[in-house]
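Read the numbers this way: they start at 1 and go in the same order the structure lists the ligands and their atoms.
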Amino acid sequence: MVNQETVDPQYHREIVSFIRRGGRLTERQQDAWDELADAHVLDVPRAVSSTSVDTAHRLDPVTVFGREAPLVMEIGSGRGEALVHAAAQNPDTDFLGLEVYVPGVAQTLVTMRHEGVANLRLAIVDAAQALATMLPEACLEELRVWFPDPWHKKRHHKRRLVTDEFVPLAARVLRPGGTWRLATDWEDYAEQMRDVLSRADDFDFSGDWSTRFEGRPVTKFEAKGIAKGRTIRDLAAVRR
Ligand SMILES: C[S@@+](CC[C@H](N)C(=O)[O-])C[C@H]1O[C@@H](n2cnc3c(N)ncnc32)[C@H](O)[C@@H]1O
């Protein structure tokens, strides 16, 4: 079982799973940011860096979304292609995206505005820190991690997010019966994910690949993987 004692509240990784490239916003992104960021990008009190979170900060989904509804979260939501699609398809569910790449968050706001989506919030924060303290325990119906790996060179494998150390964090935020979904186009990361889930006592896992999750549109990253002839692997595990 996972409880507060098994998750270090000071959790942070010295090796993070991302590089923060600056990158300017396009005019359209800036415009969407100016219009929507106040209402849709969460104000996260920081600990040290601009992607950290004050360990005392607690997010209250009911306050943030203004209602009680099932909550689905995507880690590394990128340009928000999958997240906005899911939010538009499921207006009775709330969606939260964690992303450290600011232009990606701004692009998500552009698409959100275009789709007229309201049930979506974004937080610019390192997911590993957010899962350890910011999110309430058992608050999620689903946790999604789509194509988390820009780090296919072996020397970067230590930066991968989905490891044995990450499992207690995922277990902490998922409600019993909630689903952790993952997808990747890198075969050796898919195998790592499968091994990690097979060892995860807090999850029921078939030990095998899942069929492609119907709720995910083909994102830019998925399309790139397919174009390069890579096999897309989906995985799903259920919180005990
Ligand atoms: C390869 S992209 C995939 C984006 C998106 N999921 C998709 O399928 O199009 C991975 C994304 O995860 C983000 N990311 C990586 N580590 C993260 C972390 N620890 N917390 C939040 N976002 C992270 C990166 O900034 C990047 O945008």
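Proximity to Ala127 (heavy-atom distance under 4.0 Å) selects the following atoms of ligand 1: 18 (C), 19 (N), 20 (N), 21 (C). Every atom of ligand 1 with a heavy atom of Trp146 under 4.0 Å away is listed here by number and element: 3 (C), 5 (C), 6 (N), 8 (O). In the vicinity of Glu74, heavy-atom distances shorter than 4.0 Å reach the ligand 1 atoms 6 (N). Every atom of ligand 1 with a heavy atom of Asp126 under 4.0 Å away is listed here by number and element: 18 (C), 19 (N), 20 (N). Every atom of ligand 1 with a heavy atom of Phe147 under 4.0 Å away is listed here by number and element: 1 (C), 2 (S), 3 (C), 8 (O), 10 (C). Counting the atoms of ligand 1 from 1 in the order shown, those under 4.0 Å from a heavy atom of Leu98 are 21 (C), 22 (N). Near Val125, meaning under 4.0 Å from one of its heavy atoms, ligand 1 places the atoms 20 (N), 21 (C).
For the salt bridge (Lys or Arg N to Asp or Glu O under 4.0 Å) criterion with Asp188, the lone passing option out of Arg194, Arg230, Arg160 is Arg160.
Summarising the local packing, NE2 of His114 is surrounded by 12 or fewer heavy atoms from other residues, nucleotides or ligands at distances under 6.0 Å.
Taking 4.0 Å as the cut-off, Glu99 counts as a neighbour of ligand 1 on heavy-atom distance.
No hydrogens or angles considered: a donor-acceptor pair under 3.5 Å links the side chains of Thr63 and Asp60.
With sequence neighbours excluded, no residue satisfies salt bridge (Lys or Arg N to Asp or Glu O under 4.0 Å) with Arg28. With sequence neighbours excluded, the residues forming a salt bridge (Lys or Arg N to Asp or Glu O under 4.0 Å) with Glu35 are Arg113, listed by chain and number.
Remark: ligand 1 and Thr219 share an N or O pair separated by less than 3.5 Å (distance only, no angle test). Any N or O atom pair closer than 3.5 Å counts here, and Gly76 shares at least one such pair with ligand 1.
Taking each heavy atom of Thr133 and Arg172 in turn, the nearest pair found is O-NH2, 4.0 Å.
Between atom CG of residue Leu174 and atom CD of residue Glu141 there is a gap of 9.0 Å, rounded to the nearest 0.5 Å.
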